[in-house]
**Student:** 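Right, I'll just put the structure down here and ask away after.
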Amino acid sequence: MATIADVARAAGVSPSTVSYVLSGKRTISEGTRLRVERSIRELGYHPNAGARALASSRTSVLALVAPLRKDLNVPVVMQFVGGALERARAHRHDLLLLTEDEGADGLRRVASSALADAIIVMDVEASEPRVPVLRALPLPSVLIGVPDDASGLTCVDLDFGAAGALCVERLADLGHREVALIGPAPSVYERGTSYAKRFLAGFTGAARVRGVRATALRCPPNYDGVRECLDATPDSATALVVHNEAVLGAVLAELARRGRQVPGDVSVLAVCPRDMAETQVVPISSVDLPGAELGALAVDLALGASRSGVRLVEPVLTERATTARVRG
DNA sequence: ATACCGATCTTTTGCCTTGA
DNA sequence: TCAAGGCAAAAGATCGGTAT
């Protein structure tokens, strides 16, 4: 493997000059720069990442803590990861994916062993136990999700509260007087996951304001769970809001099996990634969950000299084939 | 056998020298 | 005086060598 010394020898300069050509941190004459760049090409030189981290105290690696829990929809989590990965590469960084739920110890491990330059944390809880550790961390951190006490933290997320309200308001505008929420799995609520709580609060708050009767259900990620939820949904409900990507297809299938027409008998509005809404049996009306966009934004914030604060992305609702005005 | 020292790996960067 | 580029120290872990 060629080292910077090999390149320097081949180009007839010192290693420091090669380093400065690579970093662009000071002016190098055109002739010298071209000679160095040619030597780099000819020798197939790539800087040794370990030595570079040792000398610069920077790793060019971002840690992304994204526990892959059974009650989360992995393809949706991967949209966040994909967005973050692409943006990290654009910043000439790599991503270290930590999928094990290590809690605060994992954050300390990454920070104290200098594994990464910054940490992005997903799956944030409302009373998030990692918050004190994140505040005291000697490296930048960004949360995808918003804990109750976000002071001093940098957070980014879809405005789930506004999303919940938006769903109810649009359905109310279409004349629906009774709606049901097919929400995330019970364990997601029990964990106090922040997006689930905020969506539910927005949903019930808007229902109260608009005089819409609302039932909120928690749906385990399996077909039995879907059946139980639909059994528990009042017959008088004319619309379902599905905030649970994993069961979206099953909800449509079970409604069809029960002979309920969508949207003739019941409207269905989902919160899910756009591509997921567009590739169901029928195109689903949905509030877009912009996972890739949020992942990319988190990377920008982690690598930028951003001040702390909460950035919420405004929800966008697109009506497709599953919502309609109430008959009569 | 144990304890400790210092060289080594590769790269970055502040300071210094050279030459016009 | 300034641009261009070299020198040398420093980073942290590891390993060989020397002293006790």
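We name chains A, B, ... by the order of the sequence lines, and we start the count at 1 in each one.
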**Student:** In terms of side-chain heavy atoms, does S29(A) have a donor or acceptor partner in T32(A) at a distance below 3.5 Å?
**Tutor:**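 Looking only at side-chain atoms, T32(A) and S29(A) do form a donor-acceptor pair, the distance falling under 3.5 Å.
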**Student:** Between T59(A) and D117(A), does any side-chain donor sit less than 3.5 Å from a side-chain acceptor?
**Tutor:**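 Result is yes, a qualifying pair exists.
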**Student:** Any Lys/Arg nitrogen of R210(A) or E169(A) sitting under 4.0 Å from an Asp/Glu carboxylate oxygen of the other?
**Tutor:**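 Here R210(A) does not pair with E169(A) in a salt bridge, since their nearest N and O are not under 4.0 Å apart.
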**Student:** Of all nucleotides in DNA chain B with an atom under 4.0 Å from a non-hydrogen atom of chain A, which is the first and which the last going 5' to 3'?
**Tutor:**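 Footprint of chain A along DNA chain B, 5' to 3': dT10(B) to dC15(B).
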**Student:** Yes or no on side chain to side chain contact (heavy atoms under 4.5 Å, CB included) for L312(A) and R198(A), after CA distance, side-chain angles and deciding distance?
**Tutor:** CA-CA 12 Å; L312(A) 293 179; R198(A) 288 183 286 129; 4.2 Å; yes
**Student:** Scan S19(A) against the nucleic acid and name what it touches under 4.0 Å (heavy atoms): base, sugar-phosphate only, or nothing.
**Tutor:**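 Base contact.
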**Student:** Side chains of S285(A) and T323(A): any donor to acceptor distance under 3.5 Å?
**Tutor:**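 Result is yes, a qualifying pair exists.
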**Student:** Of the residues in residues 29-44 of chain A, which ones touch DNA chain C at a heavy-atom distance under 4.0 Å?
**Tutor:**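 Heavy-atom contacts with DNA chain C come from S29(A), T32(A).
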**Student:** Checking H176(A) against T238(A): is there a side-chain donor and acceptor pair closer than 3.5 Å?
**Tutor:**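 The answer is yes; a qualifying pair exists.
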**Student:** Measuring only between side-chain heavy atoms, which start at C-beta, is V146(A) closer than 4.5 Å to V124(A)?
**Tutor:**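 They are not in contact (no side-chain heavy atoms under 4.5 Å apart), so the answer is no.
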**Student:** State whether K197(A) and E125(A) are salt-bridged, where the test is any N-O pair (Lys NZ or Arg NE/NH1/NH2 against Asp/Glu carboxylate O) under 4.0 Å.
**Tutor:**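 E125(A) and K197(A): not salt-bridged.
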**Student:** Can you tell if the side chain of H243(A) reaches within under 4.5 Å of the side chain of F160(A), non-hydrogen atoms only?
**Tutor:**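 Yes, side chains in contact.
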**Student:** Side chains of L255(A) and V251(A), heavy atoms from C-beta outward: is any pair under 4.5 Å?
**Tutor:**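 Yes - at least one pair of side-chain heavy atoms lies under 4.5 Å apart.
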**Student:** What's touching nucleotides 6-11 of chain C from the protein side, N or O pairs under 3.5 Å?
**Tutor:**
from	atom 1	to	atom 2	distance (Å)
dG6(C)	OP2	S14(A)	N	2.9
dG6(C)	OP2	S14(A)	OG	3.0
dG6(C)	OP2	T17(A)	OG1	2.4
dG6(C)	N7	R26(A)	NH2	3.2
dG6(C)	O6	R26(A)	NH1	2.7
dG6(C)	O6	R26(A)	NH2	2.5
dC7(C)	N4	S16(A)	OG	2.9

